[in-house]
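Comments concern the structure below.
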Amino acid sequence: TVGALLHVPYASPERDPLFAGDPVAVQGQAHDALRGEAGDQQVAAAERALATAVESAARRVASAERAYADAVRDSERAQRDLNQARADAVERLEDLELAVASAALDEEAAALRVERARRDLQEAQQAGATGLDLQEADLAYRQAQQSLIEIKERNADLAEEQAHASKTGVEGDEAVIAAHERVADA
């Protein structure tokens, strides 16, 4: 109680002005002092809570700013990747076009080798070649035929690939589609 708080061994009316007055007034002054201390403690606690909240808010703002900067960097990187994917797709289309043109020449050359090998085999047969000479001419003819078959197969695959690439275009390229998805995610 307040009375217990006011009982201090060294306190006396001569030493402490609180003892000189009315006991009810003294008790009120003691209550005010305690309320002042409690109020000071509450203010100090509120100031600490406010400082903590301000620090926390500042950390959240800094974190949000870092996240935003990261998102901007990710978006820019994704856009650069998309542009590179498009350039690569254009390069692949051009390479495919060159490969198809070259493949047509390879097929033409293979057809000529078949004709030359057929003529050489016929000449060997007409000349009465036997044994090893005839076997070599026959082997050369069969190899030329096999080569032509393989080249035609590769050319058919290239033509199919080119038709698909022409149909889908640059934006239909798998790498470009994946890059678009990364841009959307960023």
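Given the structure is predicted, the values throughout are model-derived calculations rather than measurements. Residues take their numbers from the sequence shown, with the count starting at 1. Below, each value reflects all heavy atoms present in this structure, side chains not excepted, and no hydrogens, waters or symmetry copies.
Residues Ala110 and Leu148 come closest through the heavy atom pair CB-CD1, 3.7 Å.
For His164, the side-chain contact (heavy atoms from CB on, under 4.5 Å) partners two or more places apart in sequence, or in a different chain, are Thr168. Residues passing the side-chain hydrogen bond (donor to acceptor under 3.5 Å, both in side chains) test with Ser56 are Arg60, sequence neighbours excluded. The side-chain hydrogen bond (donor to acceptor under 3.5 Å, both in side chains) test applied to Arg59 returns no partner, not counting sequence neighbours. The side-chain contact (heavy atoms from CB on, under 4.5 Å) check on Glu123 picks up Arg119, Asp120, with sequence neighbours excluded. In this structure Arg113 satisfies the side-chain hydrogen bond (donor to acceptor under 3.5 Å, both in side chains) test with no other residue, sequence neighbours excluded. Shown here are the side-chain hydrogen bond (donor to acceptor under 3.5 Å, both in side chains) partners of Asp133, two or more places apart in sequence or in another chain: there are none. Residues forming a side-chain contact (heavy atoms from CB on, under 4.5 Å) with Glu76 (at least two apart in sequence, or on another chain): Val72, Arg80. Contacts of Leu121 classified as side-chain contact (heavy atoms from CB on, under 4.5 Å), with partners at least two apart in sequence or in another chain: Gln125, Leu134, Ala137, Asp138, Tyr141.
Residue pairs meeting the salt bridge (charged side-chain N to carboxylate O under 4.0 Å, His left out) criterion with at least one member in residues 93-112: none, sequence neighbours excluded. Applying the salt bridge (charged side-chain N to carboxylate O under 4.0 Å, His left out) rule to pairs touching residues 43-54 yields nothing, sequence neighbours excluded. Applying the salt bridge (charged side-chain N to carboxylate O under 4.0 Å, His left out) test to every pair with at least one member in residues 148-170, sequence neighbours left out, gives no pairs at all. Applying the salt bridge (charged side-chain N to carboxylate O under 4.0 Å, His left out) test to residues at least two apart or on different chains, the pairs with a partner in residues 168-180 are Arg86-Glu171, Arg92-Asp173.
The distance from the CD atom of Glu55 to the CG atom of Leu50 is 10.0 Å, given to the nearest 0.5 Å.
Under the 4.5 Å side-chain heavy-atom criterion for grouping Ile, Leu, Val, Met, Phe, Trp and Tyr, Ile151 is not connected to Val114 through any hydrophobic cluster.
A side-chain donor-acceptor contact under 3.5 Å links Ser166 to the backbone of Gln162.
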